**Student:** 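One structure is given below, represented as C-alpha coordinates, and several questions about it will come after.
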Amino acid sequence: MPQLDHGALRTYIENIERLRGSRVLVLAAVHLDLDLLPPLFEHCRSLGQCERLDVVLHGRGGIVNAARRIALLLRGQAGHLGFIVPFHCQSSATLVTLCADEVLAGPLALFSPIDPQLSGQDGGAISSLDIMQFGAMARDWFGIDAEQARSESLSLLCNSVFPPALAAFYRSTQEVQQIGEELLACREGSADKRQQIVRRLMAGYHSHNYALTREEMEDLGLPVRRNPAVEAEAWEISKLLQAHIGGDRRQHPDACWHDALLATSGSGQLRRRAADGLAGVWE
(Lines give C-alpha, C1' and ligand atoms only; values in the text may rest on other atoms or scores of the structure.)
Protein backbone atom coordinates (compact mmCIF):
# COMPACT_ATOMS: atom_id res chain seq x y z
CA MET A 1 0.00 0.00 0.00
CA PRO A 2 1.30 3.52 -0.72
CA GLN A 3 2.20 5.49 2.39
CA LEU A 4 0.04 8.46 3.33
CA ASP A 5 1.96 11.70 3.90
CA HIS A 6 0.72 12.40 7.43
CA GLY A 7 2.83 15.54 7.70
CA ALA A 8 1.22 17.07 4.63
CA LEU A 9 -2.26 16.13 5.86
CA ARG A 10 -1.57 17.79 9.22
CA THR A 11 -0.35 20.95 7.50
CA TYR A 12 -3.50 21.25 5.37
CA ILE A 13 -5.69 20.70 8.44
CA GLU A 14 -3.82 23.39 10.38
CA ASN A 15 -4.09 25.80 7.44
CA ILE A 16 -7.88 25.38 7.36
CA GLU A 17 -8.05 25.87 11.12
CA ARG A 18 -6.22 29.18 10.79
CA LEU A 19 -8.42 30.31 7.90
CA ARG A 20 -11.66 29.32 9.60
CA GLY A 21 -10.90 29.89 13.28
CA SER A 22 -12.20 26.38 13.94
CA ARG A 23 -11.14 22.86 14.81
CA VAL A 24 -10.98 20.53 11.81
CA LEU A 25 -11.73 16.82 11.55
CA VAL A 26 -11.20 14.79 8.38
CA LEU A 27 -13.72 11.98 7.88
CA ALA A 28 -13.19 9.77 4.82
CA ALA A 29 -14.84 6.42 4.20
CA VAL A 30 -15.60 4.29 1.19
CA HIS A 31 -18.73 3.13 3.03
CA LEU A 32 -20.21 4.84 6.10
CA ASP A 33 -20.89 2.15 8.70
CA LEU A 34 -21.55 1.85 12.41
CA ASP A 35 -18.01 0.62 13.09
CA LEU A 36 -16.81 4.16 12.40
CA LEU A 37 -18.56 5.44 15.52
CA PRO A 38 -16.13 4.31 18.28
CA PRO A 39 -12.97 5.82 16.71
CA LEU A 40 -14.93 8.90 15.63
CA PHE A 41 -16.15 9.29 19.21
CA GLU A 42 -12.57 9.08 20.47
CA HIS A 43 -11.46 11.80 18.05
CA CYS A 44 -14.36 13.98 19.18
CA ARG A 45 -13.36 13.44 22.81
CA SER A 46 -9.80 14.48 22.03
CA LEU A 47 -11.06 17.68 20.39
CA GLY A 48 -13.42 18.47 23.24
CA GLN A 49 -16.53 20.59 22.87
CA CYS A 50 -15.88 23.06 20.05
CA GLU A 51 -17.30 26.48 19.43
CA ARG A 52 -16.73 25.82 15.72
CA LEU A 53 -16.05 22.43 14.12
CA ASP A 54 -15.39 21.89 10.42
CA VAL A 55 -15.51 18.34 9.01
CA VAL A 56 -13.74 17.64 5.74
CA LEU A 57 -16.03 14.93 4.40
CA HIS A 58 -15.14 12.37 1.72
CA GLY A 59 -17.57 9.51 1.12
CA ARG A 60 -19.56 7.70 -1.54
CA GLY A 61 -22.43 6.33 0.53
CA GLY A 62 -23.13 3.81 3.22
CA ILE A 63 -25.68 2.72 5.81
CA VAL A 64 -28.42 5.26 6.44
CA ASN A 65 -28.54 4.70 10.19
CA ALA A 66 -24.77 5.00 10.40
CA ALA A 67 -25.03 8.33 8.59
CA ARG A 68 -27.65 9.47 11.11
CA ARG A 69 -25.57 8.54 14.16
CA ILE A 70 -22.43 10.10 12.69
CA ALA A 71 -24.33 13.32 11.97
CA LEU A 72 -25.85 13.46 15.46
CA LEU A 73 -22.47 12.80 17.10
CA LEU A 74 -20.82 15.60 15.14
CA ARG A 75 -23.79 17.92 15.67
CA GLY A 76 -23.52 17.53 19.44
CA GLN A 77 -19.81 18.32 19.33
CA ALA A 78 -20.01 21.97 18.25
CA GLY A 79 -22.02 25.15 18.50
CA HIS A 80 -21.39 25.76 14.80
CA LEU A 81 -20.92 22.71 12.58
CA GLY A 82 -19.59 23.04 9.06
CA PHE A 83 -18.84 20.46 6.40
CA ILE A 84 -16.13 21.05 3.82
CA VAL A 85 -16.71 19.05 0.64
CA PRO A 86 -13.91 19.10 -1.94
CA PHE A 87 -15.07 16.09 -4.00
CA HIS A 88 -17.06 12.92 -3.18
CA CYS A 89 -20.04 13.36 -0.83
CA GLN A 90 -22.69 11.06 -2.22
CA SER A 91 -25.79 9.23 -1.04
CA SER A 92 -25.56 8.71 2.75
CA ALA A 93 -22.69 11.20 2.90
CA THR A 94 -25.04 13.81 1.40
CA LEU A 95 -27.52 12.85 4.14
CA VAL A 96 -24.90 13.59 6.83
CA THR A 97 -24.48 17.18 5.62
CA LEU A 98 -28.16 17.99 6.21
CA CYS A 99 -27.41 18.71 9.89
CA ALA A 100 -24.85 21.41 9.07
CA ASP A 101 -24.96 25.11 9.81
CA GLU A 102 -22.79 25.61 6.74
CA VAL A 103 -21.45 23.53 3.84
CA LEU A 104 -18.36 24.78 2.00
CA ALA A 105 -18.41 23.06 -1.37
CA GLY A 106 -15.55 23.17 -3.87
CA PRO A 107 -15.92 23.35 -7.65
CA LEU A 108 -15.85 19.53 -7.99
CA ALA A 109 -18.08 18.77 -4.99
CA LEU A 110 -20.31 15.79 -5.84
CA PHE A 111 -23.54 15.32 -3.92
CA SER A 112 -26.30 12.91 -4.90
CA PRO A 113 -29.92 11.92 -4.21
CA ILE A 114 -30.63 9.97 -1.01
CA ASP A 115 -33.31 7.55 -2.27
CA PRO A 116 -32.93 4.08 -0.66
CA GLN A 117 -31.52 1.21 -2.71
CA LEU A 118 -32.64 -2.42 -2.81
CA SER A 119 -29.95 -4.93 -3.73
CA GLY A 120 -30.86 -7.18 -6.63
CA GLN A 121 -30.03 -10.84 -7.19
CA ASP A 122 -27.54 -9.96 -9.92
CA GLY A 123 -25.58 -7.64 -7.65
CA GLY A 124 -27.27 -4.54 -9.02
CA ALA A 125 -29.55 -2.19 -7.13
CA ILE A 126 -33.09 -0.89 -7.50
CA SER A 127 -33.94 2.59 -6.30
CA SER A 128 -37.14 3.43 -4.45
CA LEU A 129 -37.74 5.87 -7.30
CA ASP A 130 -37.71 2.92 -9.76
CA ILE A 131 -40.63 1.42 -7.85
CA MET A 132 -42.50 4.70 -7.54
CA GLN A 133 -42.21 5.43 -11.25
CA PHE A 134 -43.37 2.00 -12.43
CA GLY A 135 -46.95 3.11 -13.09
CA ALA A 136 -45.84 6.26 -14.90
CA MET A 137 -43.53 4.17 -17.09
CA ALA A 138 -46.36 1.80 -18.02
CA ARG A 139 -48.55 4.75 -18.94
CA ASP A 140 -45.97 6.80 -20.85
CA TRP A 141 -44.11 4.01 -22.66
CA PHE A 142 -46.90 1.54 -23.35
CA GLY A 143 -50.00 3.71 -23.36
CA ILE A 144 -51.66 1.87 -20.49
CA ASP A 145 -54.49 3.80 -18.85
CA ALA A 146 -53.36 5.47 -15.61
CA GLU A 147 -55.99 3.62 -13.54
CA GLN A 148 -55.07 0.29 -15.13
CA ALA A 149 -51.36 1.01 -14.62
CA ARG A 150 -51.94 1.63 -10.91
CA SER A 151 -54.02 -1.52 -10.46
CA GLU A 152 -51.61 -3.78 -12.32
CA SER A 153 -48.30 -2.35 -11.13
CA LEU A 154 -48.56 -3.82 -7.61
CA SER A 155 -49.31 -7.30 -8.97
CA LEU A 156 -46.43 -7.10 -11.43
CA LEU A 157 -44.03 -5.83 -8.77
CA CYS A 158 -45.00 -8.56 -6.31
CA ASN A 159 -44.27 -11.17 -8.99
CA SER A 160 -40.69 -9.91 -9.25
CA VAL A 161 -40.03 -8.67 -5.71
CA PHE A 162 -40.87 -10.75 -2.61
CA PRO A 163 -43.82 -8.84 -1.02
CA PRO A 164 -42.28 -8.58 2.49
CA ALA A 165 -39.10 -7.23 0.86
CA LEU A 166 -41.20 -4.66 -0.99
CA ALA A 167 -42.87 -3.64 2.29
CA ALA A 168 -39.45 -3.38 3.97
CA PHE A 169 -38.30 -1.22 1.08
CA TYR A 170 -41.28 1.06 1.68
CA ARG A 171 -40.38 1.29 5.37
CA SER A 172 -36.78 2.19 4.50
CA THR A 173 -38.09 5.00 2.29
CA GLN A 174 -40.16 6.33 5.19
CA GLU A 175 -37.10 6.02 7.42
CA VAL A 176 -34.90 8.10 5.13
CA GLN A 177 -37.60 10.78 4.95
CA GLN A 178 -37.78 10.88 8.76
CA ILE A 179 -34.01 10.94 9.23
CA GLY A 180 -33.53 13.66 6.63
CA GLU A 181 -36.12 15.89 8.30
CA GLU A 182 -34.62 15.15 11.73
CA LEU A 183 -31.16 16.26 10.60
CA LEU A 184 -32.48 19.37 8.87
CA ALA A 185 -34.25 20.30 12.11
CA CYS A 186 -30.81 20.80 13.70
CA ARG A 187 -30.85 24.24 12.11
CA GLU A 188 -33.61 26.75 11.51
CA GLY A 189 -36.34 26.09 8.97
CA SER A 190 -40.02 25.31 8.80
CA ALA A 191 -41.33 21.74 8.85
CA ASP A 192 -42.80 22.23 5.38
CA LYS A 193 -39.44 23.39 4.02
CA ARG A 194 -37.62 20.45 5.58
CA GLN A 195 -40.12 18.03 4.08
CA GLN A 196 -39.79 19.67 0.68
CA ILE A 197 -35.98 19.44 0.70
CA VAL A 198 -35.94 15.76 1.66
CA ARG A 199 -38.59 14.80 -0.88
CA ARG A 200 -36.65 16.62 -3.57
CA LEU A 201 -33.46 14.76 -2.63
CA MET A 202 -35.32 11.44 -2.59
CA ALA A 203 -37.49 11.73 -5.69
CA GLY A 204 -36.60 14.88 -7.61
CA TYR A 205 -33.99 13.37 -9.90
CA HIS A 206 -34.01 10.54 -12.43
CA SER A 207 -31.01 8.64 -11.08
CA HIS A 208 -29.51 7.77 -7.71
CA ASN A 209 -26.15 8.56 -9.28
CA TYR A 210 -27.17 12.02 -10.49
CA ALA A 211 -24.20 14.25 -9.59
CA LEU A 212 -25.67 17.23 -7.78
CA THR A 213 -23.56 20.39 -7.92
CA ARG A 214 -23.08 22.89 -5.13
CA GLU A 215 -25.35 25.28 -7.01
CA GLU A 216 -28.14 22.70 -7.11
CA MET A 217 -27.74 22.01 -3.39
CA GLU A 218 -27.92 25.74 -2.68
CA ASP A 219 -31.05 26.02 -4.84
CA LEU A 220 -32.69 23.41 -2.61
CA GLY A 221 -32.32 25.84 0.28
CA LEU A 222 -29.29 24.24 1.93
CA PRO A 223 -26.61 26.48 3.49
CA VAL A 224 -23.97 25.98 0.78
CA ARG A 225 -21.21 28.57 0.71
CA ARG A 226 -17.99 29.43 -1.17
CA ASN A 227 -14.55 30.06 0.33
CA PRO A 228 -11.81 29.77 -2.33
CA ALA A 229 -8.92 29.81 0.16
CA VAL A 230 -10.41 26.96 2.21
CA GLU A 231 -11.40 25.10 -0.96
CA ALA A 232 -7.78 25.13 -2.13
CA GLU A 233 -6.53 23.53 1.11
CA ALA A 234 -9.39 21.02 1.14
CA TRP A 235 -8.62 19.98 -2.43
CA GLU A 236 -5.07 19.09 -1.37
CA ILE A 237 -6.56 16.88 1.34
CA SER A 238 -8.89 15.34 -1.24
CA LYS A 239 -5.94 14.44 -3.48
CA LEU A 240 -4.32 12.57 -0.59
CA LEU A 241 -7.58 10.74 0.10
CA GLN A 242 -8.13 9.86 -3.55
CA ALA A 243 -4.65 8.31 -3.66
CA HIS A 244 -4.95 6.28 -0.46
CA ILE A 245 -8.58 5.44 0.35
CA GLY A 246 -10.34 2.70 -1.59
CA GLY A 247 -9.79 -0.82 -2.88
CA ASP A 248 -9.13 0.39 -6.41
CA ARG A 249 -5.72 1.62 -5.20
CA ARG A 250 -4.49 -1.96 -4.69
CA GLN A 251 -1.73 -3.33 -6.90
CA HIS A 252 -3.38 -6.80 -6.97
CA PRO A 253 -6.69 -8.28 -5.71
CA ASP A 254 -5.14 -10.01 -2.67
CA ALA A 255 -3.50 -6.86 -1.33
CA CYS A 256 -4.72 -4.97 1.73
CA TRP A 257 -6.15 -1.49 1.35
CA HIS A 258 -7.44 1.40 3.45
CA ASP A 259 -11.17 2.08 3.37
CA ALA A 260 -11.46 4.83 5.99
CA LEU A 261 -9.50 7.64 7.60
CA LEU A 262 -10.10 9.88 10.62
CA ALA A 263 -7.70 12.72 11.34
CA THR A 264 -7.27 15.95 13.27
CA SER A 265 -4.24 18.18 13.55
CA GLY A 266 -3.12 16.11 16.54
CA SER A 267 -3.83 12.52 15.56
CA GLY A 268 -5.00 10.24 12.78
CA GLN A 269 -6.14 6.69 12.08
CA LEU A 270 -6.51 4.57 8.96
CA ARG A 271 -8.68 1.48 8.73
CA ARG A 272 -6.95 -1.36 6.88
CA ARG A 273 -8.98 -4.00 5.07
CA ALA A 274 -7.74 -7.40 3.94
CA ALA A 275 -8.91 -9.43 0.95
CA ASP A 276 -10.37 -12.10 3.29
CA GLY A 277 -13.28 -9.79 4.10
CA LEU A 278 -12.74 -9.81 7.86
CA ALA A 279 -13.33 -6.73 10.02
CA GLY A 280 -11.04 -3.79 9.35
CA VAL A 281 -8.15 -2.94 11.67
CA TRP A 282 -7.53 0.64 12.80
CA GLU A 283 -3.90 1.70 12.78
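Fair warning: this is a prediction, and the values are worked out from it, not measured in the lab.
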**Student:** In Å, rounded to the nearest 0.5 Å, how long is the span from CG of L201 to CG of L95?
**Tutor:** 9.0 Å

**Student:** Give every residue pair that meets the side-chain hydrogen bond (donor to acceptor under 3.5 Å, both in side chains) criterion with at least one member in residues 71-80, sequence neighbours excluded.
**Tutor:** R75-D101

**Student:** Looking only at non-hydrogen atoms, find the nearest pair between E17 and S265 and report the distance.
**Tutor:** OE1-OG, 3.7 Å

**Student:** Knowing that exactly one of E231, E102, E233 qualifies, which makes a salt bridge (charged side-chain N to carboxylate O under 4.0 Å, His left out) with R20?
**Tutor:** E102

**Student:** Between V176 and M202, is a side chain to side chain contact (heavy atoms under 4.5 Å, CB included) present by the stated rule, with each step listed?
**Tutor:** CA-CA 8 Å; V176 172; M202 289 181 64; 4.0 Å; yes

**Student:** Before giving the answer on side chain to side chain contact (heavy atoms under 4.5 Å, CB included), spell out for V85 and L110 the whole-Å C-alpha distance, their side-chain angles and the decisive distance to 0.1 Å.
**Tutor:** CA-CA 8 Å; V85 180; L110 295 179; over 6 Å; no

**Student:** Would you check if the side chain of R214 reaches a backbone N or O of A105 as a donor-acceptor pair within less than 3.5 Å?
**Tutor:** yes

**Student:** What are the two closest non-hydrogen atoms of L222 and R187, and how far apart are they?
**Tutor:** CD2-NH2, 3.5 Å

**Student:** With distance as the sole criterion, is a donor-acceptor pair present between the side chains of E216 and Y205 under 3.5 Å?
**Tutor:** no

**Student:** If you count the non-hydrogen atoms of other residues, nucleotides and ligands that lie under 6.0 Å from CD in E51, is the total more than 12?
**Tutor:** no

**Student:** Examine distances only and state if a side-chain atom of T94 and a backbone atom of C89 form a donor-acceptor pair shorter than 3.5 Å.
**Tutor:** yes

**Student:** Could you check whether S91 and H208, counting side-chain N and O atoms only, form a donor-acceptor pair closer than 3.5 Å?
**Tutor:** yes

**Student:** D259: which residues meet the side-chain contact (heavy atoms from CB on, under 4.5 Å) condition with it, sequence neighbours left out?
**Tutor:** V30, W257, R271, R273

**Student:** Using every non-hydrogen atom in the two residues, find where A66 and D33 come nearest and quote the distance to one decimal.
**Tutor:** CB-C, 3.5 Å

**Student:** Determine all donor-acceptor pairs shorter than 3.5 Å in which one atom belongs to a side chain in residues 55-65; sequence neighbours excluded.
**Tutor:**
unit_1 : atom_1 : unit_2 : atom_2 : d
R60    : NH2    : H88    : NE2    : 2.9
N65    : ND2    : E175   : OE2    : 3.2

**Student:** How long is the straight-line distance from SG of C186 back to CG of L72, given to the nearest 0.5 Å?
**Tutor:** 6.0 Å

**Student:** Which pair of heavy atoms, one from L36 and one from L262, lies closest together, and at what distance?
**Tutor:** O-CD1, 4.4 Å

**Student:** A side-chain contact here means heavy atoms from C-beta on lying under 4.5 Å apart; do F87 and L241 qualify?
**Tutor:** no

**Student:** So, using side-chain contact (heavy atoms from CB on, under 4.5 Å) as the criterion, who are the partners of T11 when residues are at least two apart?
**Tutor:** N15

**Student:** Between A234 and I84, which heavy-atom pair has the shortest distance, and what is it?
**Tutor:** CB-CG2, 3.6 Å

**Student:** Before you tell me yes or no, could you show the steps for W235 and L108 under side chain to side chain contact (heavy atoms under 4.5 Å, CB included), namely the whole-Å CA-CA distance, both residues' side-chain angles and the distance that decides it to 0.1 Å?
**Tutor:** CA-CA 9 Å; W235 178 246; L108 289 185; 3.7 Å; yes

**Student:** Can you name the side-chain contact (heavy atoms from CB on, under 4.5 Å) partners of L37, sequence neighbours left out?
**Tutor:** L34, R69, I70, L73

**Student:** List the steps and the verdict of side chain to side chain contact (heavy atoms under 4.5 Å, CB included) for T173 and D115.
**Tutor:** CA-CA 7 Å; T173 301; D115 48 308; over 6 Å; no

**Student:** So which atom in L270 and which in I245 form the shortest heavy-atom distance, rounded to 0.1 Å?
**Tutor:** CD2-CD1, 3.8 Å

**Student:** Apply side-chain contact (heavy atoms from CB on, under 4.5 Å) to Q195 and list each qualifying residue two or more places apart in sequence or on a separate chain.
**Tutor:** Q177, E181, R199

**Student:** Tell me, yes or no, whether the heavy-atom count around E42 atom CD, taken from other residues, nucleotides or ligands under 6.0 Å, exceeds 12.
**Tutor:** yes

